[in-house]
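Read the structure below first, then the notes.
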2 protein chains.
Amino acid sequence: MDRRVTKKDDDASRTERPTLKTLAFMTGLGVTTVSRALKDAPEIGAETRRRVQLVAKQIGYRPNRAGVRLRTGKTNVISLVLNTEHELMSFVSDIIYGVTEVIADTPYHLIVTPYSRSQDPLDPVRYLVETGSADGVIISRTQPNDPRARYMLERGIPFATHGRTDMGLVHPYHDFDNYTFAGEAVRYLAGRGRNRLALVTPPVGLTYYGHTVNGFADALSEVGASEVPFNTVSIDQSIEQIRMRTAQLMRRKDRPDGFVSSAAAATLAIVAGIEDAGLELGRDVDVVSKQSSELLHLFRRELLVVNENFRLAGSELARAVLGWIGGADPGSLQSLSTPSEVLPYRG
Amino acid sequence: MDRRVTKKDDDASRTERPTLKTLAFMTGLGVTTVSRALKDAPEIGAETRRRVQLVAKQIGYRPNRAGVRLRTGKTNVISLVLNTEHELMSFVSDIIYGVTEVIADTPYHLIVTPYSRSQDPLDPVRYLVETGSADGVIISRTQPNDPRARYMLERGIPFATHGRTDMGLVHPYHDFDNYTFAGEAVRYLAGRGRNRLALVTPPVGLTYYGHTVNGFADALSEVGASEVPFNTVSIDQSIEQIRMRTAQLMRRKDRPDGFVSSAAAATLAIVAGIEDAGLELGRDVDVVSKQSSELLHLFRRELLVVNENFRLAGSELARAVLGWIGGADPGSLQSLSTPSEVLPYRG
DNA sequence: TTGGCAACCTGTAACGTTTCAGTATACTGA
DNA sequence: TCAGTATACTGAAACGTTACAGGTTGCCAA
């Protein structure tokens, strides 16, 4: 018998990684039996099952991902799709950590799929779906009418969005309640006697832009304050732009006496602009800002902040995708995070 | 002939993803020929090669990753190994973006492999190597004698480290020249008449701790300034800790008149501590800090900053790993990033 | 005794790819 | 003419896994 071709027939004690074949040889069972025993199939005898699992644990058997993936199509991969061209998305690492926290004791791996501003945001998603590169996808920068969500819904691939859509379609999401945030910010400023307020909005076109604007507007009319239009600025502009525009605005006679800012980095620029115009934070103007790390109070103690927890967002999103993959009802995998109170000056 | 079992024998016009079989059927060639034609093997006729590649492009053929991986062991995956329990690692997103930039037009995917502080940092690396989950690995928080680097070197798996090691072993790395940074910082402070300097160090144990401390010490004796010991603080402590310790220090008679800080977040805390003690930045004390985004000048215009580009680090690290995978000499894949000048006050 | 059935186990094929060991054809030189 | 050889292609096997379609026992009812 020619033994030249087959590298390892039954010499299971190699330094190689153990496979089902190794286990089969060691237990004296068939490969099929071992496979089923490991996944607790009912038609395998209880003792056999225990025996196989014991041996598997002993020799540190780990299923070969490529084998599983080729055979079943299951990738055990979650993809986080990110825009790489936004300057100050420091919260990205928090989202990633949140996701990894949840998938840590699952067989899932996290892959990061980037796209640049010049690309159609649908491109990376299409790539993932067409190549079957992931069992589930997480997207951010969600729009009210989001082609990516629609696409994945059509293709039946589980996903979760950071931010809601508004298409009458149901899918998992996690969102921060920006309507409430903006409203609370306005009410807080009104409570401090501020009544000419400007809003630094999220990027136009994203769903939470609308939420924020509405929360701001509704609360304005509720408290009887007025809006100082500041539409030339949104948070994904450059620091320099925001700073310059803010300084311009603050030099006008009809300048605002309060700001609501949707992002910490923008807030730094706003404060700089305010001071460029020779005004003083806390005296001439108050600023309420969202932040994702606890740094703004160090920056200027007069800043008023509301915390948004991106690590939580990552966890929730991961839980949602895994839930959907696991067969749960997508409608039950939606969560909304309530803003903290507005936190006042601190020493 | 029973056609029940085989799902698609030659019905290549399905909506399914095209495979080599599909291409073989369409071109009338054998699967082997198609496979070789696609990778420009010389033993395939020039015309056949072009024909196959044309058809492949037309129908959007993409090799099945699981198939390749199972057959060849090549995963086409790079793993970035990250510690998830460090509060303010906002630069992580920059590294990730840098990496994705480089692998964007390669077949590589980026997976993020986390580990928490409670774990042995070797664990995730061992997992990756044992399960063959990646062709290359990037690690950070590198130590002079780094068990992870040693382990991967033994196993022969390509990797790159963010930060150098000091074990007499050669491997790809990218590092920021923290020796020069600390030295320049000291010289700059000395030039401003500061001569009692404190250093806020990187985490003890990491390689660049040593570089920084040495650069600081050497420059101190060069300019004839003295060190105010501040060993109770390093940059991966909490903001509150650093702030409190700084305030304590600044209330002492022998307080420093200059700080060199290895991280932006720590710098915020230091400044807060300075001000807690009733002192004024720029008047009573100067601070030189590294930063990875352009925010510190907004924070206090009196801050002196040196920029460290983490996106570049990510790119360089990715290039290094890919280079090693591609067979390049590891010794040729090392790069050191030179600090920018110390940037002074700005309006 | 026999047929039926449940319990438990197994071999084969297939997922898509690459490698090995060829085969067929045409061309070369003597 | 014929061996030798270069060129261009090909089928089969293998990577590790799971699904399918059985196969063997042993037991029970009739």
Side-chain angles (χ1 to χ4, degrees), chain A residues 2-10 12 14 16-25 27-52 56 59 61-76 107 130-133, chain B residues 2-10 12 14 16-25 27-52 56 59 61-76 107 130-133:
Chain A
D2 184 9
R3 306 198 109 272
R4 198 166 26 98
V5 175
T6 54
K7 262 187 297 190
K8 53 166 182 179
D9 247 333
D10 45 349
R14 265 289 168 282
E16 308 279 330
R17 235 181 110 200
T19 70
L20 288 182
K21 202 149 108 190
T22 320
L23 283 178
F25 176 71
T27 54
L29 295 164
V31 170
T32 303
T33 309
V34 172
S35 172
R36 319 197 67 161
L38 286 176
K39 35 180 62 66
D40 278 324
E43 59 268 57
I44 303 296
E47 193 202 311
T48 305
R49 225 152 51 198
R50 261 180 293 123
R51 197 158 60 89
V52 170
I59 66 173
Y61 168 76
R62 306 265 203 164
N64 178 306
R65 312 191 115 233
V68 175
R69 181 164 170 177
L70 182 57
R71 179 63 237 242
T72 66
K74 181 130 210 279
T75 62
N76 284 311
E130 281 175 1
T131 62
S133 289
Chain B
D2 185 6
R3 306 198 108 271
R4 199 165 26 97
V5 175
T6 55
K7 260 186 297 189
K8 49 167 181 180
D9 246 334
D10 46 348
R14 265 289 169 281
E16 308 279 329
R17 200 145 87 89
T19 70
L20 288 183
K21 203 151 106 190
T22 320
L23 283 178
F25 176 72
T27 54
L29 296 163
V31 170
T32 303
T33 310
V34 172
S35 172
R36 316 195 72 161
L38 286 177
K39 37 180 60 65
D40 277 321
E43 60 268 56
I44 303 297
E47 193 202 310
T48 305
R49 224 152 53 196
R50 262 181 292 123
R51 198 158 60 87
V52 170
I59 66 173
Y61 168 77
R62 308 265 206 160
N64 179 307
R65 314 189 113 232
V68 175
R69 181 166 172 176
L70 181 56
R71 178 63 235 244
T72 66
K74 180 127 211 278
T75 62
N76 284 312
E130 281 175 2
T131 62
S133 289

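Here is the naming used below: chain letters follow the sequence lines, and residue numbers restart at 1 for every chain.
With values rounded to the nearest 0.5 angstrom, B:R17 atom CZ is found 8.0 Å from B:Y61 atom OH.
Whole-Å rounding puts the A:R69 CZ to C:dC15 P distance at 17 Å. Rounded to whole angstrom, the span from the CZ atom of A:R71 across to the C1' atom of D:dT17 amounts to 7 Å. What separates CG of B:L20 from P of C:dC15 is a distance of 13 Å, to the nearest Å. Summarising the geometry, the separation between CG on B:N64 and C1' on C:dA14 is reported as 13 Å, rounded to the nearest angstrom. In this structure, B:R62 places its CZ atom 13 Å from P of C:dT17, rounding to the nearest Å. Spacing between atom CG of B:L38 and atom P of C:dG16 amounts to 15 Å, rounded to whole angstrom units. Spacing between atom CG of B:L70 and atom P of D:dT17 amounts to 9 Å, rounded to whole angstrom units. Rounded to whole Å, the distance from CZ on B:R17 to C1' on C:dT17 is 12 Å.
Not one side-chain nitrogen or oxygen of B:K21 sits closer than 4.0 Å to the OP1 or OP2 atom of C:dG16.
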Side-chain atoms of residues 37-45 of chain B: list all donor-acceptor pairs with protein atoms under 3.5 Å, sequence neighbours left out, distances to 0.1 Å.
residue, atom, partner, partner atom, Å
B:D40, OD1, B:Q53, NE2, 3.0
B:E43, OE2, B:R36, NH1, 3.4
B:E43, OE2, B:R36, NH2, 2.5

Taking only distance into account, with no hydrogens and no angle test, what donor-acceptor pairs under 3.5 Å do side-chain atoms of residues 62-69 of chain A form with protein atoms, sequence neighbours excluded?
residue, atom, partner, partner atom, Å
A:N64, OD1, A:A66, N, 2.7
A:N64, OD1, A:G67, N, 2.8
A:R65, NH1, A:H109, ND1, 3.4
A:R65, NH2, A:N76, O, 3.3
A:R65, NH2, A:P107, O, 2.4

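The side chain of A:T19 approaches D:dT17 more closely than any other nucleotide in the set D:dT17, D:dC15, C:dC15.
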Strictly under 3.5 Å: I want the nitrogen or oxygen pairs between protein and nucleotides 6-12 of chain D, one per line.
residue, atom, partner, partner atom, Å
D:dC9, OP1, B:T48, OG1, 2.7
D:dC9, OP2, B:G45, N, 2.8
D:dC9, OP2, B:T48, OG1, 3.1
D:dT10, OP1, B:G30, N, 3.4
D:dT10, OP2, B:G30, N, 2.6
D:dT10, OP2, B:T33, OG1, 2.4
D:dG11, N7, B:T32, OG1, 3.2
D:dG11, O6, B:T32, OG1, 2.8
D:dA12, N6, B:T32, OG1, 3.3

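Under the side chain to side chain donor-acceptor pair (under 3.5 Å) criterion, B:S35 pairs with no residue at all, not counting sequence neighbours. Shown here are the salt bridge (Lys or Arg N to Asp or Glu O under 4.0 Å) partners of A:R71, two or more places apart in sequence or in another chain: there are none. Considering only residues two or more places apart in sequence or on other chains, B:T32 meets the side chain to side chain donor-acceptor pair (under 3.5 Å) condition with none of them.
Closest non-hydrogen pair, A:G30 versus A:A24, comes out as C-CB, 3.9 Å.
Among the heavy atoms of the strands lying under 4.0 Å from B:S35 is at least one base atom, whether or not backbone atoms are also near.
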